[in-house]
Structures are given as structure tokens and as C-alpha cells.
Amino acid sequence: MIRLGYPAQNLSLPASTNHTLRLANLPDANRVRSLVRENLRALEEILHWNAGHGVSLFRIGQSLIPFASHPDFPYDWAVEHAPDLGRAGSLALSLGVRLSFHPGQYTQPGSPRPEVAARSVMELRYVARALSLMGSPDGVVVLHLGGAHGDREAAKTRFVEALRHEEEVLRFLALENDERTWTVSETVEVSRRLGVPAIVDTLHHALNPGGLKLVQALDLGLPTWRTRGSNPKLHISSQDPEKKPGAHAWAIHSEDWSGLVEALEAVDSRSADVMVEAKGKELGLPDVGASRY
DNA sequence: TTGGGTCAAGGAGTC
DNA sequence: GACTCCTTGACCCAA
């Protein structure tokens, strides 16, 4: 069976887990505390909505705890928010909603600049710690490989070296192909070196296929999940025909959806968790096909 | 109250 | 070297 989910926000609810603040206001610890509590309260509301609408995956925005990895964060968030994180995690577990994070383009563990790589590791530690405190058994931290810096082999090696001893990060980490730099086969190669799974993103793959058809890409990516012991994750999105390549459409076009379902059937994959990256968020989820497969 | 500019951060492509 | 895009909501401030 295919389970579906969406990232970062729910357009149907007046609730957001993404309340943030500017760096200049970070010293105001009480303000940060109440903002984080509001984000966690909203997370519980969204989890209830998801469970009530048959949505089984949710990607939490990076600013659940804004600036959590910043050296100037004013208190020990992992201690103070542990009870609330634990409650939200238990709720997700009881409702059957799988959680994930997806640090963005500024997270570059493979950067040749040591300070950039170090900050990136701190960001990954933050989300891994949050998932640990939520007690998430199948939580995922999704990350792109980042820049190639003119030497692909050196970049891959730096990436692996930066993370190979990060035990808590590796427990949740999964690597995703991107639309211009790293193909599925290269992403899988680095995943194997780190002992973590790989996520195939269908739109990125279409734009940067590296000579592979989608079926071949899935054939490479899906087996990397065997050692993790949880359902394989995939990303799907459709191209916005009005915008430049890579821009997400409001919803998933039926041919993209059927293309993925057929490819999964071709590789005989009976279960997958598909994150739907649509501008319409939960409103862009495919409403056919998932439950029948 | 509202609209528009701005906000921690990296890297790649264009000109 | 400067600029833009990625992707983005929310903050912040001037009007």
C-alpha cells in the first residue's frame, strides 16, 4: 500500500508549526519559549487533522524550534521542550503519522569551508535530537548532497567524513537526489557509504536522470531501506507548466502519479511512503490510486 | 491596519 | 564581481 503525506504546513487549518523570529530577537528567551510551545501545539492539531483525513506522513518545518542550532540560542531547548516533544511524538505514533524533517539548501556538510560544514552538522543534530525526543521509530531527516565544488569525488568524501561518526543523525538520515547536481545513482552510492537509505524524488530524477529510467532509479533506491527496517520513502511532485523547470505545480498531475504507481508495480514494491511536494500542500494530494494499490 | 521589504545560512548559473 | 534563483512564511516597520 502507498501512504501519502505533505510538507511543512496545512492550508486547511489556521495553525502553523512555522512561527519564527528574527535573530535580533533571539535573546528574548520567554518569547522563544512561547513561540516554540505554540509551534508544538499546532503540530498536535495538524497531526489530528492528518489522521482524520487519512494522511500518514507529515514533514515538520525547520523552524519548529527556530535557531535551535544557532550558538546564541538562549536556553537548552532539548531539556525544556522534551516533555512537549515527547507528547507530540507519542501522539504521532498513536495516530499512525510518520514524521520527517528536511533541512534546506544552507545545510552543506560537504562544503570545503569548515565553518559551513560544522554549522550544517549542528543543524542535522538539532533535527535528529528532536526526532529522538519525540520517540519517533521511523522518523526521517531528508538531506541533499549539496554542492559539488568542481570535484565530485572530493565533495562526496567530505560529505561522508563529516557525518560518518554522527550516530544520532545517521539513525534518521536519508539522502535525496537533486535536479541539477547529484543523480539517483550517485546519491545511492553515498547513502551506501554512510549506511543510510536514499530517497528518489521523481521530478528531480526527470530533470537529472543520469541515463536511468524511473524504474531503474527505484530499483537502486528502494533496496537501501532494507537495513533501516521502515517503509521506503519517495518524493513526488509535478512540474508547474507556467514556470521554469523544477517549479512545483499546485497538485500532482495524473500522468505523474500513474507513472510512479506503474514503476512501483514494475519493481514489485508493495509498500511505499510517498511525500507529495505540491504547492497546494494537503489540498494537492492525489485522491485516487493510493488506497487501491 | 496593511503592504512591501527583509530575514541566518550556500552554491550554482548567468552576464 | 554582481546578481538571481532555489523556496518561503513570517517578521518588521513605515505609511
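Only this structure's heavy atoms are used, side chains among them; waters, hydrogens and symmetry mates stay out. Everything numeric in this text was worked out from a predicted model, so none of it was measured. In the text below, chain A, chain B and the rest are named by the order of the sequence lines, each starting its count at 1.
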List, with names and distances, any nitrogen or oxygen atoms from the protein found under 3.5 Å away from nitrogen or oxygen atoms belonging to nucleotides 13-15 of chain C.
none

Does any non-hydrogen side-chain atom of A:Arg119 lie less than 4.5 Å from one of A:Ser69? no

Whole-Å distance, A:Asn18 CG to C:dG9 P, equals 9 Å

Looking across every strand, which nucleic acid part, if any, lies under 4.0 Å from A:Ala8 by heavy atom: base, sugar-phosphate, or nothing? nothing

Inset, instruction - Taking the side chain as every heavy atom from C-beta outward, state whether A:Arg158 and A:Pro112 have any atom pair closer than 4.5 Å. - result: yes

Side-chain atoms of A:Val116 come closest, of B:dG11, B:dA8, C:dG9, to B:dG11

Residue pair A:Glu123/A:Pro112 against DNA chain B: nearer the 5' end by closest nucleotide is A:Glu123

**Request:** Determine, stepwise, if the pair A:Thr181 / A:Arg152 fulfils side chain to side chain contact (heavy atoms under 4.5 Å, CB included).
**Result:** CA-CA 9 Å; A:Thr181 307; A:Arg152 309 178 73 79; 4.2 Å; yes

note: A:Asp178, atom CG; B:dG10, atom C1'; distance rounded to Å ~ 13 Å

### Task
For the residue pair A:Asn177 and A:Trp182, establish whether any side-chain heavy-atom pair is separated by less than 4.5 Å.
no

Interatomic distance, CD@A:Glu123 vs NE2@A:His70, rounded to 0.5 Å, equals 11.0 Å

A:His19 atom NE2 is separated from C:dT8 atom P, nearest whole Å, by 18 Å

Review point. Does A:Ser120 have a side-chain nitrogen or oxygen under 4.0 Å from the phosphate oxygens OP1 or OP2 of B:dA9?
Key: no

With both pairing distances under 3.5 angstrom for Watson-Crick or G-U wobble, and | for a partner in another strand, the correct string for DNA chain B is |||||||..||||||

(message) So, OP1 or OP2 of B:dG11: does either fall under 4.0 Å of a side-chain N or O from A:Arg113?
(response) yes

If you measure from the P atom in C:dC5 to the same atom in B:dG5, how many Å do you get, rounded?
15 Å

Rounded to whole Å, the CG-C1' distance (A:Asp28 to C:dC11) equals 14 Å

note: A:Tyr126, atom OH; B:dA8, atom P; distance rounded to Å ~ 16 Å

Closest to the side chain of A:Arg119, out of B:dA8, B:dG10, B:dG11, is B:dG10

Among C:dC11, B:dA12, B:dG11, the one nearest any side-chain atom of A:Ala148 is B:dA12

Of A:Leu64, A:Thr17, A:Ile65, the one forming a side chain to side chain contact (heavy atoms under 4.5 Å, CB included) with A:Leu40 is A:Leu64

Regarding the side chain of A:Thr20, the nearest nucleotide among C:dC11, B:dA8, B:dA12 is C:dC11

Does the side chain of A:Leu95 reach to within under 4.5 Å of the side chain of A:Phe58, using non-hydrogen atoms? no

Polar atoms only, N or O, under 3.5 Å: list the protein pairs with nucleotides 5-7 of chain C and their distances.
none

Original post:
Should A:Leu283 and A:Trp250 be marked as a side chain to side chain contact (heavy atoms under 4.5 Å, CB included) after you check the CA-CA gap, both sets of side-chain angles, and the distance that decides it?
Top reply: CA-CA 8 Å; A:Leu283 303 174; A:Trp250 175 263; 4.2 Å; yes

Which atom pairs, donor and acceptor, lie under 3.5 Å between side-chain atoms of residues 215-224 of chain A and protein residues at least two apart or in another chain?
{"from": "A:Gln216", "atom 1": "OE1", "to": "A:Lys213", "atom 2": "N", "distance (Å)": "2.7"}
{"from": "A:Thr224", "atom 1": "OG1", "to": "A:Ala198", "atom 2": "N", "distance (Å)": "2.9"}
{"from": "A:Thr224", "atom 1": "OG1", "to": "A:Gly221", "atom 2": "O", "distance (Å)": "2.5"}

Rounded to whole Å, CZ of A:Arg152 lies from C1' of B:dA12 at a distance of 12 Å

Residues in residues 65-78 of chain A with a heavy atom under 4.0 Å of DNA chain B, by number, are A:Phe67

Evaluate whether atom CD of A:Glu167 has more than 12 neighbouring non-hydrogen atoms of other residues, nucleotides or ligands under 6.0 angstrom away. no

Notebook entry, point to check: Any side-chain heavy atom of A:Trp257 sitting closer than 4.5 Å to one from A:Ile2?
Noted result: yes

Separation between CG (A:Asn50) and CZ (A:Arg98), nearest 0.5 Å, reads 14.5 Å

### Message
Please give the distance between the P atoms of C:dT8 and B:dT2 as a whole number of Å.
### Response
26 Å

### Query
Where does the angle between the aromatic ring planes of A:His235 and A:His102 fall among parallel (under 30°), tilted (30 to 60°) and perpendicular (over 60°)?
tilted

Exactly one of A:Asp201, A:Val200, A:Thr202, A:Asn208 clears side chain to side chain contact (heavy atoms under 4.5 Å, CB included) with A:His204, and that residue is A:Asp201

Please list each protein N or O that sits under 3.5 Å from an N or O in nucleotides 3-5 of chain B, with the distance.
{"from": "B:dG5", "atom 1": "N2", "to": "A:Arg22", "atom 2": "NH2", "distance (Å)": "2.8"}

Any salt bridge between A:Arg41 and A:Glu38, counting N to O under 4.0 Å?
yes

Problem - A:Leu131 and A:Phe101: CA distance, side-chain angles, deciding distance, side chain to side chain contact (heavy atoms under 4.5 Å, CB included) verdict - result: CA-CA 9 Å; A:Leu131 284 173; A:Phe101 285 92; 3.8 Å; yes

To the nearest angstrom, the CG-P distance between A:Leu35 and C:dC11 comes to 7 Å

- So does A:Arg193 pair up with A:Glu189, basic N to acidic O under 4.0 Å? yes

Rounded to whole Å, CG of A:Leu124 lies from C1' of B:dA9 at a distance of 13 Å

* Can a side chain N or O of A:Thr181 be found less than 4.0 Å away from OP1 or OP2 on B:dA12? -> no

Tested for side chain to side chain contact (heavy atoms under 4.5 Å, CB included) against A:Leu175, the lone hit among A:Val142, A:Thr187, A:Leu163 is A:Thr187

